[in-house]
Amino acid sequence: MSFNNTRHQATKIRFNDEEEEEESSNLDDSIVATEKSIAIDDVSMQDPDVSFVDGCDDDKTSADYYFDSYSHFGIHEEMLKDVVRTKTYQNVIYQNKFLFKDKVVLDVGAGTGILSLFCAKAGAAHVYAVECSHMANMAKEIVESNGYSNVITVLKGKIEEIELPVAKVDIIISEWMGYFLLFENMLNSVLYTRDKWLVNDGIVLPDKTSLYLTAIEDAEYKEDKIEFWNNVYGFDMTCIKKQAMGEPLVDTVDQNQIVTNCQKLKTMDISKMVSGDTSFTAPFKLVAERDDFIHALVAYFDVSFTKCHKLTGFSTGPRSRATHWKQTVLYLEDVLTICQGEALSGSMTVAPNKKNPRDIDIMIKYSLNGQRCVASRTQHYKMR
């Protein structure tokens, strides 16, 4: 992955396995942000054109490289050390044991098997942990080392290709979310699993996600990341600048940079949606909360577990506790001067890339008709 830029240093954190509820969820911050958002109902849907292609001389596909990337322990270390992510899942399971008691659970994309271990400890009758990368071998050892071999079965392979020893499962749990929510396209695997193996009254965890958009002032960082290519030791490298503009940047945004309201673009109900729903066009209207410049749009998402005895979830927004997903920054070609109360209007179109459906194509149309700035443009981005 190419998303290594950051403005902040990581901190070392110690962990324990206490079952009491800890302050891991940052959902309250997202609710505050949601209240500021402008409700938009006019969301049009379009079917994705998805096909896998062979991409290299060694006959590996993009899917193979995707799974290979999860074979190294480093990426799992980063996810496990994401307290918001991991403790929220732990609290959902430990604080709602009535959901898991004597139930059959399917963990999609199990990684190290941490969610499967949580479920087994919460009283699940059996857990099937499916992992396609070589980390499945490690997960099997981890399960054995912790004494859960009689409860957890680790299955190595793609969820679309394996056969389960059971006809149906009661619960599907997965941490499928990628950058910009949909990067890596793992959601379709969860939907496939739901349709094939979940009982009629079964539960998918998490079951709801929402994608949000806001606008920020980011002159200093844009100068460093984008304008840098205008003059590199006296040479014109603006051809790279054009490419840099088209690649969204995954980074942590300071909440003080936010210039407008935060608007909900799209909500997905994982228990009901179909795979085509991951392609959509949603309008937006971002209203300035102060006089300032706008250099970029920022996308982030919320995750909710609505089947718990109380609403549980977390936000990846800039006003919430940081997660490894950070936020997704989409730089604008124009520097927009906006006054308080003026609106930046437009639409965002999102779809899996046709050649590699784990990548995302994003198109943004925007316009501003303000006192100090009039602008209108269409920009294309590709997350890869």
| said: Taking the ring of F301 and the ring of W325, is the distance between their centroids below 6.0 Å? | reply: yes
| request: Indicate yes or no: at least one non-hydrogen side-chain atom of I364 is less than 4.5 angstrom from one of F284. | output: yes
| message | So if I apply the side chain to side chain contact (heavy atoms under 4.5 Å, CB included) rule between K103 and each of I203, V127, D170, which one comes out positive? | response | D170
| said: Between T86 and M79 (side chain of the first, backbone of the second, donor and acceptor by atom type, cut-off under 3.5 Å), is there such a pair? | reply: yes
| task | Show the numbers, then the answer: is there a side-chain hydrogen bond (donor to acceptor under 3.5 Å, both in side chains) between S347 and T281? | result | CA-CA 7 Å; S347 65; T281 297; over 6 Å; no
| remark: Between C262 and R319, the two heavy atoms sitting closest are SG-NH1, 3.3 Å
| Is any side-chain heavy atom of L265 less than 4.5 Å from a side-chain heavy atom of M348? | yes
| query | Does A215 offer a backbone N or O that forms a donor-acceptor pair with the side chain of T260 under 3.5 Å? | reply | yes
| task | Using modelled atom types only, decide if a donor and an acceptor are shared between the side chain of N96 and the backbone of H309 within a distance under 3.5 Å. | result | yes
| query | Taking only residues two or more places apart in sequence or in another chain, which ones pass side chain to side chain donor-acceptor pair (under 3.5 Å) with N231? | reply | none
| Less than 4.5 Å apart, any side-chain heavy atom of K365 and any of S376? | no
| task | Show your reasoning for whether salt bridge (Lys or Arg N to Asp or Glu O under 4.0 Å) applies to E144 and K140. | result | CA-CA 6 Å; E144 292 173 356; K140 190 172 295 187; over 6 Å; no
| said: Going by the rule salt bridge (Lys or Arg N to Asp or Glu O under 4.0 Å), which residues pair with K156 if we only count those two or more places apart in sequence or in a different chain? | reply: none
| task | Indicate yes or no for a side-chain donor-acceptor contact from E161 to the backbone of K158 under 3.5 Å, with no hydrogens or angles considered. | result | no
| task | Indicate the atoms forming the closest heavy-atom contact of V130 with G157, along with that distance. | result | CG1-O, 3.5 Å
| query | Is the distance between the ring centroids of F118 and Y94 less than 6.0 Å? | reply | yes
| request: Of all the heavy-atom pairs spanning D277 and M268, show the shortest one and how long it is. | output: O-CE, 4.0 Å
| request: Run the numbers on Q257 and D218 for side-chain hydrogen bond (donor to acceptor under 3.5 Å, both in side chains), then give the verdict. | output: CA-CA 7 Å; Q257 295 177 257; D218 202 21; 2.8 Å; yes
| query | Got V84 and Y89 here, is their nearest side-chain heavy-atom distance under 4.5 Å? | reply | no
| note | Taken in chain and number order and not counting sequence neighbours, the residues that satisfy side chain to side chain donor-acceptor pair (under 3.5 Å) with Q243 are E247
| query | With a 4.5 Å heavy-atom cut-off, do I152 and N146 have their side chains touching? | reply | no
| Shortest non-hydrogen separation from V298 to Q327 and the atoms involved | CG1-CB, 3.6 Å
| query | Do M363 and T378 come close enough that some side-chain heavy atom pair is under 4.5 Å? | reply | yes
| Pairwise side-chain contact, W176 with V108, heavy-atom cut-off 4.5 Å (strictly under) | no
| Rounded to the nearest 0.5 Å, how far does CG of D302 lie from OG of S315? | 4.0 Å
| message | If you define the side chain from C-beta out and look only at heavy atoms, does anything of I362 sit under 4.5 Å from I360? | response | yes
| task | Return yes if a side-chain donor-acceptor contact under 3.5 Å exists between E131 and S133, otherwise no. | result | yes
| query | Is it true that the side chains of S116 and D107 contain a donor and an acceptor less than 3.5 Å apart? | reply | yes
